[in-house]
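Residue numbers start from 1 in every chain, and the chains themselves are labelled A, B, ... in the order their sequence lines are given, proteins ahead of strands.
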There are 2 protein chains.
Amino acid sequence: MLDGAECRRLLGTASVGRIAFTEGAMPTIQPASYALRGDDVVIPTGLGSKMAAGSRGAVLAFEVDEYDLVERTGWSVTVIGPSRLVIDPGQVAALDALGVHPWLPTTTHGYIALHMTVVSGRRITSP
Amino acid sequence: MLDGAECRRLLGTASVGRIAFTEGAMPTIQPASYALRGDDVVIPTGLGSKMAAGSRGAVLAFEVDEYDLVERTGWSVTVIGPSRLVIDPGQVAALDALGVHPWLPTTTHGYIALHMTVVSGRRITSP
């Protein structure tokens, strides 16, 4: 298991993760680009997207990893916490300055802000 | 959106994805190595793992993707369906023949078999 500081550091080294949310009472996962801002993971998403609909206020899981298929080594960090949807134009513009593009191209976007409440991670060393 | 045949083909081109399950009433995500066997995604996991505990019989989501950070192109396929935990030694031995190692090294393992009930995917082309 990795400590919180190492998890946070690793989260800062990547730019695409995966988010789990609920769609029609079913779990689903999608890739998501992201940035860190304070204690939030911020994820751009289309305003009419299923991700935006599924994440509004819900407790979400977000995961980032790296894996070397040949060496069978890598790491994974998972963040769990309450989310909010940022749609206020001023706040969206402020987050746009982070330079993160939505994974799915979209004409109008907001952000999911996931508060990093529970952060855990592990490193896989060669067997 | 990708059709079912293309989703299935893409699932066959990778060997690590991410699985969403519930742990203590909270959603979580972990990387998972996998193989396809008939209409199941089979995922080796430690018998005492949180993944095994969280997936027993539940409807799960499993996702595989590829993304080119420079070109901003890629694809993602998500599988949703009911799962079962395979622990019978004969069945485990049969699945071991697929040659898939658990993402997290473990001394004793079984398999999560996720029946591919809903399969969806999309391709991201350059903006």
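- In this structure, OG in B/Ser33 is found 8.5 Å from CZ in A/Arg72, a value given to the nearest 0.5 Å.
- Looking at A/Thr22, there are no atoms closer than 4.5 Å to chain B (heavy atoms on both sides), in backbone or side chain.
- Taking hydrophobic clusters as Ile, Leu, Val, Met, Phe, Trp and Tyr residues chained together by side-chain heavy-atom distances below 4.5 Å, A/Ile87 shares a cluster with A/Ile112.
- Taken together through direct or relayed side-chain contacts under 4.5 Å among Ile, Leu, Val, Met, Phe, Trp and Tyr, A/Tyr111 and A/Leu98 form part of one hydrophobic cluster.
- In the hydrophobic clustering of ILVMFWY residues, with side-chain heavy atoms under 4.5 Å counting as a link, B/Ile80 and B/Val41 come out apart.
- Under the 4.5 Å side-chain heavy-atom criterion for Ile, Leu, Val, Met, Phe, Trp and Tyr, B/Val16 and B/Leu95 are members of distinct hydrophobic clusters.
- Only the side chain of A/Leu69 comes within contact range of chain B, with at least one heavy atom under 4.5 Å from a heavy atom of that chain.
- In this structure, A/Val100 is not a member of the same hydrophobic cluster as A/Leu114, with clusters built from ILVMFWY side-chain heavy atoms closer than 4.5 Å.
- In terms of heavy-atom pairs under 4.5 angstrom with chain B, the leader among A/Val118, A/Leu104, A/Thr78 is A/Leu104.
- Under the 4.5 Å side-chain criterion, counting only non-hydrogen atoms from C-beta, B/Pro27 is not in contact with A/Leu60.
- Contact annotation: the side chain of A/Trp103 approaches that of B/Ile124 to within less than 4.5 Å [non-hydrogen atoms, C-beta and beyond].
- For chain B, the option among A/Arg18, A/Arg122, A/Glu63 with the highest count of heavy-atom pairs below 4.5 Å is A/Arg18.
- Across all non-hydrogen atoms, the minimal contact from A/Ile19 to B/Ile29 is C-CD1, 3.9 Å.
- Looking at A/Val59, both its backbone and its side chain come within 4.5 Å of chain B, counting heavy atoms on both sides.
- A/Gln30 has its side chain out of reach of B/Ser76: every pair of non-hydrogen atoms, C-beta onward, lies at least 4.5 Å apart.
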